[in-house]
Amino acid sequence: MRRSKRKTSGLQAAAVAAVCILFVTTALFGLYKCFSKEPTPKPELPRSSVPGSEENKALEPGEAVSGQNTASSDSRRKERFHTILLGGLDDENGGSDTNLLVTVDARNSRIDVVSLPRDTLLDVPWSVKKLNNAYHHGGFTQTMAEVSRLLGIPVDHYITVDLQAFEELVEAIDGVDFDIPVDMDYDDPYQELHIHFSKGPRRLNGKEALQVVRWRQNNDGSGYPTADIGRIGTQQAFLKAAAKQMLHISNWDKIRTYAEIFQKWVDTDLELSNLIWLGEQALTVGSDNITFHTLPGDGAGYYKGGSYYVLDPEATLEMVNTYFNPYQRQLTLDDMDILVP
């Protein structure tokens, strides 16, 4: 049966990537603690393409691209501070549909996660200047480069996750208690998708949890007042609930299951020893110190007739300096490349 591409993009939601890196790695720590090794951060900001120059070509893994907005090469980094880009890939549409930037601040025992809206406006020469379109111009390496240039910070490592990991993880912890924020009534016969939930608390199994985080609106057009930003909020709330349950000591006996799920569905440039170290940090930090954010902006923005998520430069700068800046110095707007219509 023919499947709808428009709707399946929601499947690769924030929950997929974030659950795997923040919680499955705790399992690896339990199995292989003696092999724990802190990742090595990039020594300076990766460079990205100059808008208006030759068309952004596809990049090989680890290849830098020339650029103009870079922090000075002598910028000193904070100790034990790491940045990781998490991606949920849309297999049918061939793009990076959802991206989250995670910072692990081991020195201050906190983890911050920011959702990067898929329609975020980029300063690039492509006709479709949306963040999720970067994948089509060089894969996830290009996506990393564009996030780095947009926010003015290095992206040290990446993790991409397959959809199936999310459902299996929720099943592994016997479901998650979650307060569904709105009534959900949606049917799509083309992909045999049926989502029907009443507003309020309930325990969700893996399949149900996936339906909740992928839902955007009902068949009658009702839904979140803020559209995709509302969906991001639900995804973040679910991740918080899942984190609390997965980090609970009662679930530590499921370590082997977590590790098997991770090995099947996750691709990363981090070594196993690095993942174990990240798992150790997640256990140390605990769910109360894992904080979720969304880049501040206007989801109803326009640029040259196209609909985009347009960032608020000043608010974005403040958020990055507060939670995501790996440098000892404060960033300025000159370090970023935020396109303002």
Side-chain angles (χ1 to χ4, degrees), residues 3-18 20-21 42 46-51 53-67 83-102 113-151 153-166 213-214 216 228 231-232 235 265-270 294-295 297 299 303 306-311 337-339:
R3 301 180 66 187
S4 168
K5 293 185 178 181
R6 182 179 67 84
K7 294 298 181 183
T8 51
S9 62
L11 286 169
Q12 278 60 29
V16 178
C20 287
I21 178 59
K42 287 185 170 66
R47 301 176 179 226
S48 190
S49 303
V50 180
S53 64
E54 64 175 308
E55 192 73 15
N56 290 6
K57 64 178 182 178
L59 303 176
E60 297 298 325
E63 178 185 357
V65 287
S66 62
T83 61
I84 304 166
L85 187 63
L86 311 177
L89 302 185
D90 184 343
D91 292 334
E92 289 197 9
N93 292 324
S96 176
D97 187 67
T98 299
N99 300 285
L100 303 96
L101 183 67
V102 175
V113 184
V114 61
S115 297
L116 312 176
R118 51 173 286 160
D119 293 339
T120 298
L121 177 63
L122 298 180
D123 188 7
V124 293
W126 319 320
S127 58
V128 179
K129 302 178 184 296
K130 297 183 178 183
L131 176 59
N132 72 326
N133 196 41
Y135 189 88
H136 298 288
H137 292 267
F140 204 65
T141 301
Q142 189 72 50
T143 302
M144 292 173 67
E146 297 305 335
V147 170
S148 175
R149 181 162 60 86
L150 177 72
L151 302 181
I153 60 176
V155 177
D156 297 323
H157 299 285
Y158 74 88
I159 295 177
T160 59
V161 189
D162 188 278
L163 170 67
Q164 190 63 32
F166 175 74
V213 300
R214 71 180 292 195
R216 290 180 175 177
D228 271 0
R231 186 169 66 104
I232 287 175
Q235 293 164 0
W265 303 113
V266 175
D267 180 42
T268 178
D269 63 347
L270 289 160
T294 301
L295 283 182
Y303 179 75
S307 177
Y308 290 91
Y309 187 85
V310 179
L311 296 186
D337 193 357
I338 298 176
L339 179 59

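The shown structure was predicted, so the numbers you read here are calculated from the model rather than taken from an experiment.
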*Worked verdict on Ile338 versus Leu150 for side chain to side chain contact (heavy atoms under 4.5 Å, CB included)*: CA-CA 6 Å; Ile338 298 176; Leu150 177 72; 4.2 Å; yes

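- Applying the salt bridge (Lys or Arg N to Asp or Glu O under 4.0 Å) criterion to Lys130, with sequence neighbours excluded, gives Asp119.
- In plain terms, the two heavy atoms of Ser148 and Pro154 that are nearest each other are OG-CA, 4.0 Å.
- Contact check for Leu116 versus Leu85: side-chain heavy atoms found under the 4.5 Å cut-off.
- At distances below 3.5 Å, at least one donor-acceptor pair connects side-chain atoms of Thr83 with backbone N or O atoms of Asp156.
- Side-chain N or O atoms of Gln142 include none that pairs as donor or acceptor with a backbone N or O of Ala134 at under 3.5 Å.
- Under the 4.5 Å side-chain criterion, counting only non-hydrogen atoms from C-beta, Leu101 is in contact with Ile153.
- Taking CD from Glu146 and CG from Leu151, the interatomic distance works out to 11.0 Å, rounded to the nearest 0.5 Å.
- When every heavy atom of Asp269 is checked against every heavy atom of His157, the shortest pair comes out as OD1-CB, 3.3 Å.
- Closest non-hydrogen pair, Ser115 versus Ile232, comes out as OG-CG2, 3.4 Å.
- Under the 4.5 Å side-chain criterion, counting only non-hydrogen atoms from C-beta, Val147 is not in contact with Asn99.
- When all heavy atoms are compared, the tightest approach of Gln235 to Val213 is NE2-O, 3.0 Å.
- Side-chain contact check for Leu131 versus Pro117: every heavy-atom pair is 4.5 Å or farther apart.
- Considering every non-hydrogen atom in both Tyr308 and Leu121, the closest pair reads CD2-CD1, 3.7 Å.
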*Candidate pair Leu86 and Val161, rule side chain to side chain contact (heavy atoms under 4.5 Å, CB included), full reasoning*: CA-CA 8 Å; Leu86 311 177; Val161 189; over 6 Å; no

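- Taking the six-membered ring for Trp and thresholds of 30 and 60 degrees, Trp126 and His137 have nearly parallel ring planes, at less than 30 degrees apart.
- Proximity of a side-chain donor or acceptor of Arg149 to a complementary backbone N or O of Leu122 within less than 3.5 Å is not detected.
- Across Phe140 and Tyr158, no two heavy atoms sit closer than the pair CE2-CB, 3.5 Å.
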